[in-house]
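What follows is a set of notes on a single structure, which appears directly below.
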Amino acid sequence: MGFHDSPNGIACDAVPLARLAEAEGTPLHVYAAGIVRHRFRAFDAAFKTNPHAVHYALKANSTLGVLRLLHSLGSAVDANSGGEIDVALRAGFTPSQIIFTGVGKRAEELTKAVSLGLRAINAESAGELDRIDAIAAAHGRTAAVALRVNPDIDVMSHPHISTGTRRNKFGVALSEAPAICREAAARRGLRLVGIHVHIGSQIVKVDPLRRAAATAVELARMLTSQGIPIEHVDVGGGVGISYDGTAGLDLAEYAAALLGELKGSGLALVLEPGRFIVGPAGVLVSRVVDVKSYPDGRTFVVLDAGMTECLRPALYGARHRVSPVATHVGTPSAVDVVGPVCESSDSFGADHRLPPLKVDDLVAILDTGAYGASMASNYNRRPIAAEVLVEDGTWTLIRRRQTVEAMLAQEV
Ligand code: LLP
């Protein structure tokens, strides 16, 4: 299952990546359905002793083919925009399977969420609760809401993907949360069902995640004891994966920590994992378009994939492993692997130890299933890459490569 070596180089579920590249071109996102299935089931099973729901974070990868697979597995979703709500509905999710989070929700997005009757809107401020209440009243509805609290916990992840400290724009201060909740519980248009926390992404230590969950549970318990019955705590996402081949955060340890905090509370648990489910399920297959060495010995391997297909290195200094697709012989040496975009930050990093590569060779950039395709752009007028989902020795094209006509379709 998944990615493995074969006589024809790296393969995905017995389909050589080289064959996929030939059939669909490069750059190409390749997803292993078996890995998504396995990781979703393992994640879900880890919490089976407590009522819970896994609301997969759509922002990690919301290509319809991937979403339909997650839907078939029994996942629910966390949407971050009206667009993500629409995509989830098209993939077959019902409103009761959708939670709506987002630091800046437009009036029409809130109206859509209220009219659909989503499982919960995770509200980010007292003002937003007012607006949801007004919209609900105008539509004769009651909106299920959760309040996002900012527990002021530093997760020591990259500053761009840390969200749970006072310096960040997300949620309300913990000290103000009880009063805001009491006010919300008194509103006719609102039904306060949950407390939400999400402190960041690619978190590789359990303790900050445990502390954030503990904060939410404590607040929920206090409100319940004061006659404001809270149904669930939503602990967000953030579970990190390994990008360098070492062991990542231990799922069993994470689950045990959360379940420990919930014990005896009677609260249901909502989880919003993104990266954990799909990150290791994807690779980005790319062709070498140039190789050059400077007199000082530095060698650049230039790929046909770059920040337009995988923004993470440029935006967060993230490091993804790069692997030649064919079984190469030759002594590895340290090279810079770079993209074709006119930005110096368009680089997969220096000192990748790779065997000698030449133009037209294929490489795979690993662990790009999360925040790869979903963060793509047309910068430098590069068409959005194709995506394939591989299962049982065969593949399905789930996104065609964008044409120039499609890229220009909205321009007048
Ligand atoms: N829930 C909320 C409210 C979120 O904001 C996020 C991610 C998640 C769940 C899912 O987090 P995960 O389980 O995937 O860590 N583009 C960045 C990551 C940004 C994450 C934003 N929020 C990256 O490529 O590292």
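Order of listing sets the numbers, starting from 1, for every ligand and every atom in it.
Heavy-atom contacts of T101 reach the following atoms of ligand 1: 3 (C) (cutoff under 4.0 Å). Listed by number with element, the atoms of ligand 1 under 4.0 Å from a non-hydrogen atom of M375 are 16 (N). In summary, the atoms of ligand 1 found under 4.0 Å from a heavy atom of G237, numbered by their order in the structure, are 1 (N), 9 (C), 13 (O). Applying the 4.0 Å criterion to heavy atoms of P273 picks out, from ligand 1, the atoms 13 (O). When each atom of ligand 1 is checked for a heavy atom of R312 under 4.0 Å away, the hits are 23 (C), 24 (O), 25 (O). Within the listing of ligand 1, atoms 8 (C), 9 (C), 10 (C) sit less than 4.0 angstrom from a heavy atom of A57.
An N or O contact shorter than 3.5 Å links G238 to ligand 1 by distance. Checked against a 3.5 angstrom limit, the closest N/O atoms of R275 and ligand 1 fall inside it. Considering both main-chain and side-chain atoms, E272 comes within under 3.5 Å of ligand 1 through a nitrogen or oxygen pair. Annotation: G274 places an N or O atom under 3.5 Å from an N or O atom of ligand 1; distance criterion only.
The pair D207-R210 meets the salt-bridge criterion, with a side-chain N (NZ, NE, NH1 or NH2) lying under 4.0 Å from an Asp/Glu carboxylate O. E411 and R381 are joined by a salt bridge, as a carboxylate oxygen and a charged side-chain nitrogen come within less than 4.0 angstrom of each other. Here D234 does not pair with R148 in a salt bridge; the nearest charged N to carboxylate O distance is not below 4.0 Å.
For the side chain to side chain donor-acceptor pair (under 3.5 Å) condition, the pairs that include at least one residue of residues 88-101, sequence neighbours left out, are D78-T101, T94-S96, T94-Q97, T101-N122.
The part of D78 lying near ligand 1 is the side chain, judged by heavy-atom distances below 4.0 Å. Counting heavy atoms under 4.0 Å from ligand 1, residue S201 touches it through both backbone and side chain.
Between F170, Y316, F276, it is Y316 that holds the heavy atom closest to atom 17 (C) of ligand 1.
Residue S286 forms a side chain to side chain donor-acceptor pair (under 3.5 Å) with just one option from T26, D304, D361, and that option is D304.
Ligand 1 lies out of reach of A370, whose nearest heavy atom is not under 4.0 Å from it.
Between F276 and F43, the ring planes are tilted. Angles from 30° to 60° get that label. Between H52 and F47, the ring planes lie tilted relative to each other; the angle falls in the 30° to 60° range.
Checked against ring-ring contact (aromatic ring centres under 6.0 Å, His included), F93 has the following partners two or more places apart in sequence or in another chain: H71.
Aromatic rings from F170 and H198 are positioned such that their centres are separated by 6.0 Å or more.
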